Structure formats: C-alpha cells, structure tokens
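Below is one structure, written out as structure tokens; comments come after it.
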There are 2 protein chains.
Amino acid sequence: MEKTGMAIQVIKEKLYQSGFKLTPQREIIVKVLIEKEHLSAEEIYMAVRAKHSGIGLATVYRTVELLTDLKLINKITFQDGIARYDLNHNEHHHQPHYLLCLNCGKIDEVEQDMLIDIEKEIEKNHQFKIKDHRLTFHGICQDCLKKTDSNQ
Amino acid sequence: MEKTGMAIQVIKEKLYQSGFKLTPQREIIVKVLIEKEHLSAEEIYMAVRAKHSGIGLATVYRTVELLTDLKLINKITFQDGIARYDLNHNEHHHQPHYLLCLNCGKIDEVEQDMLIDIEKEIEKNHQFKIKDHRLTFHGICQDCLKKTDSNQ
DNA sequence: CTTGGTGCAAACGTTTTGCAGTATC
DNA sequence: GATACTGCAAAACGTTTGCACCAAG
C-alpha cells in the first residue's frame with residue numbers, strides 16, 4: 001500500500017502541474033492500473049465498477065487518454081487491435097519490450113532497453129531520428145514450454 | 001509489368017496448392033498490393049473500385065485474411081489500430097522492421113533482420129521460445145528532418 | 001449439382017462524442 | 001457562477017458474419 005500511495009501522489013502532482021485534477025474516479029482508475037498490468041479499457045472498467053459502481057466507460061477512456069498524453073501510462077496495442085495500458089514506472093520515456101505468448105496469451109515485459117545499438121545503426125543508415133519504439137516478441141512462454149515438452 | 005506478372009503467378013500457384021482459386025477479384029486485389037505498400041483494407045477497397053467497381057469491401061477483407069493466412073502478405077497494425085497489408089517478398093518468414101514518421105506518417109521498411117542477437121539473449125534469459133517479432137521505430141524521417149532543420 | 005466465392009447489409013466490438021447534469025473553486 | 005469533469009446514450013469506426021446469389025468444375 002505504501003507503493004500505491006506513493007505512485008498516486010506522483011500522478012496527482014503531475015496532473016496538477018498540467019492543470020488537471022485527481023478526481024475520485026481518476027484515483028480509482030489509477031489504483032486499478034497500479035494493481036494489475038496490461039489491462040484493456042473494458043477490463044479497467046470492470047475492475048473499477050467493483051470498487052465504485054457509478055463510473056462510466058467513457059470516463060475510463062477519457063482518463064487513460066489523459067494519462068497517456070501526460071506519459072504517466074503506456075498505451076500498447078497488440079495485433080488484436082485492443083489497447084492495453086500500463087503504468088510508466090521508469091523515468092526513461094522508452095517503451096519496454098513485450099513477450100507475448102501465442103499459446104496462453106500471457107504478456108511479459110522486458111524493462112531493459114536492448115535496442116540502443118540497433119537504433120544508432122538505423123539512425124545512421126536511414127537518417128531517421130528515433131523518438132520511441134515498439135517491440136514485441138511472439139512466442140511460447142516458459143510455462144507453456146514445460147507443458148508441451150513432455151508430450152511432444 | 002514483368003515483376004507484377006511474376007508475383008501474381010507465384011501467388012496463383014500458392015493459392016492452388018492450398019486448394020484456393022485466383023478469382024478476378026482476388027487478382028485485382030493482389031495487383032493493388034503489388035503497386036502500393038502499407039495499404040489499409042479501406043485503401044485497398046478504394047484502389048480496387050477504381051479498376052473494377054463491383055467489388056465489395058467484404059471481399060477485400062476475406063482476401064487479405066486468406067493471403068495473410070497463407071503468409072503471402074504481412075498484416076501489420078500500428079498504434080492507430082488499423083491493419084495494413086504488404087506483400088511478403090522475402091522467403092524468410094520474419095516480419096520486417098518499420099520506421100514510422102510521427103510528422104508525415106510515412107512508413108518505411110527495414111528488411112534486414114537486426115534482432116537475431118537480441119532474440120538469442122531473450123530466449124536464454126526468459127526461457128521464452130521466440131516465433132516472430134514486431135518492431136516499429138517512431139521518429140522523424142529524412143524529409144521531415146530537412147524541412148525542420150532550417151527553422152529550428 | 002455441388003462447392004467455393006461474392007456482394008450486400010446487418011451485426012459486431014472497441015472507442016469517441018454530444019449533451020445535459022454535477023462537482024469544485 | 002464559471003470551469004472542468006462525469007454518466008449516459010448514441011454514434012463512429014474498422015472489421016466480421018449471415019445469407020442469398022453466382023461461377024466453375
């Protein structure tokens with residue numbers, strides 16, 4: 001709960017710095033985002049309604065849009081076209097890399113930025129100034145590998 | 001025209017090998033995909049209607065789905081959630097990397113696979129068997145850099 | 001005549017928007 | 001009382017599907 005309180009405080013400050021408020025609805029949404037990762041808007045909405053039944057889906061969308069604009073959370077869309085949201089804990093603005101299991105759908109994050117050298121090469125070879133990146137690996141996670149190993 | 005004819009011939013063969021036909025509608029769609037890259041379904045539909053006004057949008061969707069399943073084209077979805085399609089010229093099954101200009105929206109491709117070493121490291125460190133990847137760099141393209149350089 | 005393919009329109013799931021009402025300063 | 005924010009419902013958007021019709025072997 002310490003961590004939650006701290007994170008909310010930081011977000012509250014950044015909101016006020018930009019002229020926005022941390023309304024009760026926004027606070028509940030942020031708490032949900034702290035508790036669980038990779039949630040879609042619908043999933044946030046469900047979790048939020050469990051705590052405060054009066055919140056509308058539109059508020060969820062408007063809040064995650066606001067938080068994304070302020071770079072407080074990351075919005076990521078995999079191939080299914082559904083946007084998912086994660087708190088942006090690291091100060092560095094780069095997106096983490098994702099490991100997406102094709103079997104069970106689990107999403108893992110790799111916080112370490114492994115693209116630095118590649119980005120330098122791309123910038124040199126293509127005269128393209130890189131601001132951000134999205135990298136997702138599709139494959140089979142550790143758990144699913146174990147399950148299938150014994151059978152095949 | 002040589003290139004177009006060859007590409008269509010290859011696609012026709014692969015379709016027949018899998019028990020499908022190259023209908024007139026499918027042929028027109030393929031020709032459009034040969035002529036332009038990174039088209040959305042809607043854009044394919046527009047281009048196709050210019051050549052043959054009777055084709056329906058559903059046929060476009062069904063065709064690109066079929067071609068994607070047969071790995072004849074790549075489907076890629078950027079952060080806007082709109083799927084785009086590209087002919088898969090290289091035999092290797094890996095997705096190219098993309099350079100997306102935040103200023104003008106231009107999409108460039110990097111065919112060379114630069115992730116091989118990183119994938120080895122991820123597989124070792126996370127016990128995750130990688131099957132495919134999606135890598136997009138967001139930044140400013142050469143043309144837009146030139147335009148803004150003089151002003152700032 | 002059977003099978004696969006098509007066009008149209010309707011349905012779908014996610015996201016956005018208009019608007020009237022609410023809370024806050 | 002002005003401003004930012006909310007909830008609801010409707011609309012918008014890209015995409016998929018049901019179905020009757022068509023084409024080809």
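Chain identifiers are assigned alphabetically (A, B, ...) following the order of the sequence lines, protein sequences preceding nucleic acid strands; residue numbering begins at 1 within each chain. Owing to the predicted nature of the structure, the values given are computational and were not obtained by experimental measurement.
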How long is the line joining CG of B:L15 and P of C:dG4, in whole Å? 15 Å
When every nucleotide of nucleotides 6-25 of chain C is labelled 5' to 3' by its protein contacts under 4.0 Å (heavy atoms), B for base, S for sugar-phosphate only, - for none, what sequence of letters results? SBB-----SBBBB-------
Using a 4.5 Å cut-off between side-chain heavy atoms of Ile, Leu, Val, Met, Phe, Trp and Tyr, which other residues end up in the same hydrophobic cluster as B:Y98? B:I76, B:F78, B:L100, B:I107
Does B:I130 sit in a hydrophobic cluster with other residues, and if so which ones, taking ILVMFWY side chains as linked at heavy-atom separations under 4.5 Å, directly or through other members? A:L99, A:V110, A:M114, A:L115, A:I118, A:I122, A:F128, A:I130, A:L135, A:F137, B:L99, B:V110, B:M114, B:L115, B:I118, B:I122, B:F128, B:L135, B:F137
Of all pairs that satisfy side chain to side chain donor-acceptor pair (under 3.5 Å), the ones with a partner from residues 22-32 of chain A, not counting sequence neighbours: none
Looking at B:E65 and B:K75, is there a salt bridge between them, counting it only when a charged N and a carboxylate O are closer than 4.0 Å? no
Identify, with sequence neighbours excluded, every residue that meets side chain to side chain donor-acceptor pair (under 3.5 Å) alongside B:H38. B:D86
Over how many whole Å does the gap from B:E27 atom CD to D:dA23 atom P extend? 17 Å
Angle separating the five-pair end axes of the helix from C:dC1-D:dG25 to C:dC25-D:dG1, nearest 10°, is 10°
Which side-chain N or O atoms in residues 47-60 of chain A pair as donor and acceptor under 3.5 Å with protein atoms at least two apart or in another chain?
unit_1	atom_1	unit_2	atom_2	d
A:R49	NH1	A:Y45	OH	2.8
A:R49	NH1	A:S53	O	3.4
A:R49	NH1	A:I55	O	2.9
A:R49	NH2	A:S53	O	3.3
A:K51	NZ	A:E35	OE2	2.9
A:H52	ND1	A:G54	N	3.1

Salt bridge (charged side-chain N to carboxylate O under 4.0 Å, His left out) against B:K120, all qualifying residues, sequence neighbours excluded: none
Just to verify, what does A:H97 make a side chain to side chain donor-acceptor pair (under 3.5 Å) with, not counting sequence neighbours? none
In whole Å, what is the span from the CG atom of B:L66 to the C1' atom of D:dT15? 17 Å
